[in-house]
Amino acid sequence: MLNKNHPFHMVDISPWPILGAFSVMTLMSGSIKLFHQNSMDLFLVGLISTLLIMIQWWRDIIRESTFQGLHTNKVTKNMRLGMILFITSEVFFFISFFWAFFHAALSPSIEIGSNWPPKGITPFNPMSIPLLNTLILISSGVTITTTHHSLMNNNKKETLNSLMLTITLGMVFTLLQAYEYNMASFTIADSIYGATFFLTTGFHGIHVLIGTTFLMINFFRIKKNHFSTNHHFGFEAAAWYWHFVDVVWLFLYLTIYWWGNK
């Protein structure tokens with residue numbers, strides 16, 4: 001490795017992929033136990049171990065890119081392709097939920113009263129919290145774009161301010177969605193409507209939390225001068241992910257909240 005004559009990065013042996021897989025499996029098992037037995041012990045073990053592995057894995061990536069200079073232009077190009085493929089896989093992930101929703105909504109079965117929304121379900125008012133959350137996410141798309149342009153123009157103060165505003169908007173969105181869930185008149189067990197609603201909005205909410213964490217890491221990296229005007233793929237990947245989350249929410253709002261409420 002000291003005398004390599006190629007621009008590629010040969011990844012060192014790392015314990016984080018296998019440990020991450022086991023910790024996420026523990027987190028999922030703990031979630032099931034929490035739902036069915038109202039016990040948080042296994043859930044907390046999985047959550048804490050997952051967070052610790054995230055921190056250490058992120059630390060290693062930051063070392064490789066910033067301090068060891070291993071993320072060459074060739075490596076960065078491959079990482080861009082990898083991120084594009086990852087977001088593409090996420091698109092198909094959400095397509096499956098929208099497919100389930102439209103399958104049930106366009107031809108409601110007799111078991112749910114041949115109506116959509118089903119009888120007994122009082123859906124959310126799309127002009128209330130959902131509309132506010134839509135405006136919040138659209139605004140966050142503007143602020144993250146402002147952050148990117150400020151970073152390319154080497155305006156550190158404006159970069160940090162607009163990025164902090166984006167993070168704040170993401171947190172406000174999450175709090176409002178948690179409040180909305182708390183006020184819901186139906187649950188995930190209430191027919192196909194409850195299942196598709198909470199699965200789709202819930203997974204989107206998880207993506208917002210992941211994206212917010214991604215942006216927070218970038219905030220501290222920008223403060224530490226880890227990025228330059230032309231070498232900041234770590235931030236670009238977070239921005240792409242955030243725009244993806246925005247677009248998914250727009251489809252979600254127009255279909256499940258607005259169209260599905262008629």
Side-chain angles (χ1 to χ4, degrees), residues 24 27-44 46-47 50 90-91 93-141 167-213 242 244-262:
V24 171
L27 180 60
M28 178 57 67
S29 302
S31 300
I32 295 171
K33 187 177 181 183
L34 174 63
F35 295 154
H36 289 278
Q37 300 179 12
N38 200 28
S39 173
M40 291 194 65
D41 49 1
L42 190 61
F43 174 81
L44 289 175
L47 179 63
T50 300
E90 291 281 271
V91 169
F93 176 77
F94 277 99
I95 283 176
S96 65
F97 294 124
F98 285 113
W99 191 310
F101 172 80
F102 280 112
H103 178 80
L106 292 173
S107 182
S109 65
I110 193 172
E111 287 82 5
I112 58 175
S114 299
N115 288 326
W116 194 265
K119 289 184 177 180
I121 296 289
T122 303
F124 290 101
N125 180 5
M127 296 295 114
S128 182
I129 291 178
L131 179 59
L132 177 58
N133 266 344
T134 302
L135 295 175
I136 287 173
L137 274 192
I138 291 175
S139 301
S140 71
I167 293 168
T168 303
L169 289 171
M171 290 179 174
V172 172
F173 176 92
T174 301
L175 291 174
L176 285 173
Q177 191 170 43
Y179 174 76
E180 181 184 65
Y181 277 10
N182 189 53
M183 299 298 291
S185 61
F186 57 93
T187 70
I188 195 172
D190 286 324
S191 76
I192 185 65
Y193 185 91
T196 52
F197 176 86
F198 282 106
L199 273 175
T200 310
T201 59
F203 271 112
H204 178 269
I206 291 172
H207 282 70
V208 172
L209 285 173
I210 294 170
T212 304
T213 305
W242 194 256
F244 159 74
V245 168
D246 285 352
V247 172
V248 169
W249 175 260
L250 288 176
F251 278 102
L252 198 155
Y253 174 76
L254 291 173
T255 56
I256 294 180
Y257 281 102
W258 184 69
W259 181 85
N261 195 24
K262 294 184 178 297

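- Atom OG1 of residue Thr196 and atom CZ of residue Phe102 lie 10.5 Å apart, to the nearest 0.5 angstrom.
- For residues 97-110, the pairs satisfying side-chain hydrogen bond (donor to acceptor under 3.5 Å, both in side chains) are Ser109-Glu111, with sequence neighbours left out.
- Side-chain atoms of Tyr253 do not come within 3.5 Å of backbone N or O of Asn133 as any donor-acceptor pair.
- Applying the side chain to side chain donor-acceptor pair (under 3.5 Å) rule to Asn115 yields no partners; only residues at least two apart in sequence or on another chain are considered.
- Aromatic ring pairs are classed by plane angle as parallel below 30°, tilted from 30° to 60° and perpendicular above 60°; the pair Phe101 and Trp259 is perpendicular.
- Shown here are the side-chain contact (heavy atoms from CB on, under 4.5 Å) partners of Leu250, two or more places apart in sequence or in another chain: Thr134, Ile138.
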**Criterion side chain to side chain contact (heavy atoms under 4.5 Å, CB included) on Ile121 and Asp190, from CA distance to verdict** = CA-CA 8 Å; Ile121 296 289; Asp190 286 324; 3.8 Å; yes
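- A search for side-chain contact (heavy atoms from CB on, under 4.5 Å) contacts involving Leu254 returns nothing, not counting sequence neighbours.
- Shown here is Met28, whose CE atom has no more than 12 heavy atoms of other residues, nucleotides or ligands within 6.0 Å.
- The side-chain contact (heavy atoms from CB on, under 4.5 Å) check on Met40 picks up Leu34, Phe43, Leu44, with sequence neighbours excluded.
- With sequence neighbours left out, Thr200 forms a side chain to side chain donor-acceptor pair (under 3.5 Å) with no residue at all.
- Applying the ring-ring contact (aromatic ring centres under 6.0 Å, His included) criterion to Phe98, with sequence neighbours excluded, gives no partner residue.
- A 4.5 Å side-chain heavy-atom check between Pro130 and Glu180 finds at least one atom pair inside the cut-off.
- Listed by chain and number, the residues in a side-chain contact (heavy atoms from CB on, under 4.5 Å) with Val247 are Phe251 (sequence neighbours excluded).
- Considering all non-hydrogen atoms of both residues, Pro118 and Ser191 come closest at CG-OG, 3.6 Å.
- A search for ring-ring contact (aromatic ring centres under 6.0 Å, His included) contacts involving Phe35 returns nothing, not counting sequence neighbours.
- Here Leu169 contributes atom CG and Leu135 contributes atom CG; the two are 11.0 Å apart, rounded to the nearest 0.5 Å.
- Distance check, rounded to the nearest 0.5 Å: OH of Tyr181 to CD of Gln177 gives 4.5 Å.
- Closest of all the heavy-atom pairs between Ser140 and Asp246 is OG-OD1, 3.6 Å.
- The shortest distance between side-chain heavy atoms of Trp242 and Leu137 falls below 4.5 Å.
- The minimum heavy-atom distance between Ala104 and Ile192, with the atom names listed, is CB-CG1, 3.6 Å.
- For the ring-ring contact (aromatic ring centres under 6.0 Å, His included) test, residues two or more places apart in sequence or in another chain that qualify with Trp249 are Phe173, His204, Tyr257.
- At least one donor-acceptor pair closer than 3.5 Å links the side chain of Ser185 to the backbone N or O of Thr122.
- Relative orientation of the Tyr193 and Trp116 rings is tilted, given thresholds of 30° and 60° on the angle between their planes.
- In this view, Phe97 and Phe93, Phe203 satisfy the ring-ring contact (aromatic ring centres under 6.0 Å, His included) rule, not counting sequence neighbours.
- The side chain to side chain donor-acceptor pair (under 3.5 Å) test applied to Ser39 returns Asp41, not counting sequence neighbours.
- In terms of heavy-atom proximity, Leu176 sits nearest to Leu132 at CD1-CD2, 3.7 Å.
- Atoms CG and CE, from Leu209 and Met171 in turn, are 9.5 Å apart once rounded to the nearest 0.5 Å.
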